[in-house]
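As structure tokens, the structure follows; a few thoughts come after it.
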Amino acid sequence: MEKTLLILKPDAFKRNLVGEIIKRIEMKGFKIVNMKFEFLSKEKAKRFYEVHKDKIFFNDLINFMISGPILSIEVEGENAIYLMRKLIGATKPEEREMGSIRGDLAIGLTDNLVHASDSKENYEYERKIIFGN
Ligand code: CMP
């Protein structure tokens, strides 16, 4: 069994899609093992997305992530990291598969409803920032 981290971003709350997204996670067979609702501070959002700090979209991304609440969900399942990335869909709008969360529900590039860890190392890094040690 493997664990991964999913984050429901502020637009999931603005658009009332929290229940729909959680339903899709559960229907796919992932087991929810931990959850945290919070308003990210600017400093915590910057640490979370440190890997993107030199990108041109960094400031917009941070301002978006602190524009409302987020819900962080740790899930467990077979091949969870890879499968959760498939379930959420691609980052670029034109590459998002229909049937994925972003493909069906997200419109924008920054406001893409969800984030999921893309590797074991990033899961460990992100989990510590959200939940602590
Ligand atoms: P996420 O999977 O959380 O990882 C980084 C986030 O930056 C991404 O989702 C988007 O919300 C945001 N973002 C904004 N512009 C871009 C871009 N050009 N490429 C990748 N990510 C972007």
Side-chain angles (χ1 to χ4, degrees):
M1 283 291 179
E2 190 174 68
K3 284 188 196 165
T4 191
L5 179 73
L6 179 80
I7 295 193
L8 275 58
K9 300 185 180 185
D11 55 332
F13 285 88
K14 280 182 200 123
R15 296 183 55 207
N16 296 322
L17 289 171
V18 172
E20 172 65 30
I21 294 169
I22 292 176
K23 188 182 90 178
R24 288 175 180 226
I25 296 162
E26 290 191 310
M27 283 179 73
K28 182 66 187 167
F30 292 115
K31 195 94 206 136
I32 294 173
V33 294
N34 202 1
M35 246 188 203
K36 185 175 185 177
F37 173 92
E38 67 183 311
F39 288 78
L40 281 179
S41 66
K42 197 164 207 171
E43 182 272 329
K44 193 167 170 179
K46 283 183 172 174
R47 259 195 300 138
F48 187 87
Y49 277 121
E50 168 110 22
V51 63
H52 294 303
K53 69 177 189 310
D54 297 325
K55 307 267 174 64
I56 48 164
F57 59 82
F58 186 67
N59 280 340
D60 286 346
L61 173 61
I62 298 307
N63 287 329
F64 165 62
M65 289 301 291
I66 64 171
S67 68
I70 64 156
L71 182 69
S72 302
I73 306 176
E74 254 184 301
V75 302
E76 193 172 66
E78 247 3 291
N79 210 3
I81 293 171
Y82 174 77
L83 286 178
M84 184 61 85
R85 295 282 295 184
K86 294 284 277 186
L87 187 66
I88 71 167
T91 306
K92 290 186 185 157
E94 65 275 18
E95 291 174 6
R96 286 174 192 155
E97 309 77 6
M98 294 304 148
S100 69
I101 291 170
R102 288 171 175 167
D104 288 350
L105 308 171
I107 301 153
L109 175 60
T110 303
D111 48 339
N112 58 4
L113 294 172
V114 282
H115 166 86
S117 311
D118 63 2
S119 66
K120 198 167 169 44
E121 296 68 42
N122 285 342
Y123 158 66
E124 293 295 347
Y125 175 82
E126 293 168 0
R127 188 191 61 79
K128 275 195 198 109
I129 290 174
I130 297 294
F131 295 107
N133 280 315

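Predicted model, so just to flag it, every value in this text is computed and none were measured. Atoms within a ligand are numbered from 1 in the order they appear, just like the ligands themselves. Numbers here simply count residues along the sequence, with the first being 1.
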Exercise. Under a 4.0 Å heavy-atom limit, does Leu109 contact ligand 1 with its side chain, its backbone, both, or neither?
Worked result: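 For Leu109, backbone and side-chain atoms both sit under 4.0 Å from ligand 1.
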
For this session: Please state which part of Lys92 comes within less than 4.0 Å of ligand 1, counting heavy atoms only: side chain, backbone, both or neither.
Result: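 Within the 4.0 Å criterion, Lys92 makes no contact with ligand 1.
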
For this session: Assign the ring pair Phe39 / Phe37 to parallel, tilted or perpendicular, where the plane angle (0 to 90°) is split at 30° and 60°.
Result: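 Rings of Phe39 and Phe37: perpendicular, over 60°.
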
Exercise. For the residue pair Phe48 and His115, does the interplanar ring angle fall in the parallel (under 30°), tilted (30 to 60°) or perpendicular (over 60°) class?
Worked result: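 Ring orientation of Phe48 relative to His115: perpendicular.
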
Report, one line per pair, each donor and acceptor closer than 3.5 Å where one atom sits in a side chain of residues 73-81; sequence neighbours left out.
unit_1 : atom_1 : unit_2 : atom_2 : d
Glu74  : OE1    : Asn34  : ND2    : 3.0
Glu74  : OE2    : Tyr123 : OH     : 2.5

For this session: Report the residues that fulfil side-chain contact (heavy atoms from CB on, under 4.5 Å) with Glu94, sequence neighbours left out, ordered by chain and then residue number.
Result: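 With neighbours one apart ignored, the set is Lys92.
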
Problem set entry | Stepwise side chain to side chain contact (heavy atoms under 4.5 Å, CB included) check, Lys86 with Tyr82 | CA-CA 6 Å; Lys86 294 284 277 186; Tyr82 174 77; 3.8 Å; yes

Any [X] heavy atom less than 4.0 Å to ligand 1:
X: Lys55; result: no
X: Glu126; result: no
X: Tyr49; result: yes

For this session: Look at atom 15 (N) of ligand 1 and say which protein heavy atom is nearest, naming residue and atom and giving the distance to 0.1 Å.
Result: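 Sorting protein heavy atoms by distance from atom 15 (N) of ligand 1 puts Phe57 CG, 3.3 Å first.
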
Problem set entry | Nearest protein heavy atom with distance in Å, relative to atom 5 (C) of ligand 1 |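 Its nearest protein heavy-atom neighbour is His52 NE2, 3.5 Å.
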
For this session: Report, in ascending order of atom number, the atoms of ligand 1 lying under 4.0 Å from any heavy atom of Leu61.
Result: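 Per the distance check, 6 (C), 7 (O), 11 (O), 12 (C).
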
Exercise. Any idea which atoms of ligand 1 are less than 4.0 Å away from a heavy-atom of Arg102?
Worked result: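 What qualifies from ligand 1 is 1 (P), 2 (O), 9 (O).
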
Exercise. Leu71 pairs by side chain to side chain contact (heavy atoms under 4.5 Å, CB included) with which of Leu8, Ile21, Ile7?
Worked result: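 Looking at Leu8, Ile21, Ile7, the match for Leu71 under the side chain to side chain contact (heavy atoms under 4.5 Å, CB included) is Leu8.
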
Exercise. Is a salt bridge present between Lys14 and Asp111, judged by a nitrogen-to-oxygen distance below 4.0 Å?
Worked result: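 Looking at Asp111 together with Lys14, the answer is no, because their closest N to O distance does not fall below 4.0 Å.
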
Do any N/O atoms on [X] end up under 3.5 angstrom from N/O atoms on ligand 1?
X: Thr110; answer: yes
X: Arg85; answer: no
X: Thr91; answer: no

For this session: Decide yes or no on salt bridge (charged side-chain N to carboxylate O under 4.0 Å, His left out) for Arg47 and Glu50, but give the supporting numbers first.
Result: CA-CA 5 Å; Arg47 259 195 300 138; Glu50 168 110 22; over 6 Å; no

Exercise. Under a single-linkage definition using a 4.5 Å side-chain heavy-atom cutoff for Ile, Leu, Val, Met, Phe, Trp and Tyr, are Phe131 and Leu6 assigned to the same hydrophobic cluster?
Worked result: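 No: no chain of side-chain contacts under 4.5 Å links Phe131 to Leu6.
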
Problem set entry | Identity of the nearest option to atom 8 (C) of ligand 1, non-hydrogen atoms only, from Asn112, Asp11, Ile7 |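 That would be Asn112.
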
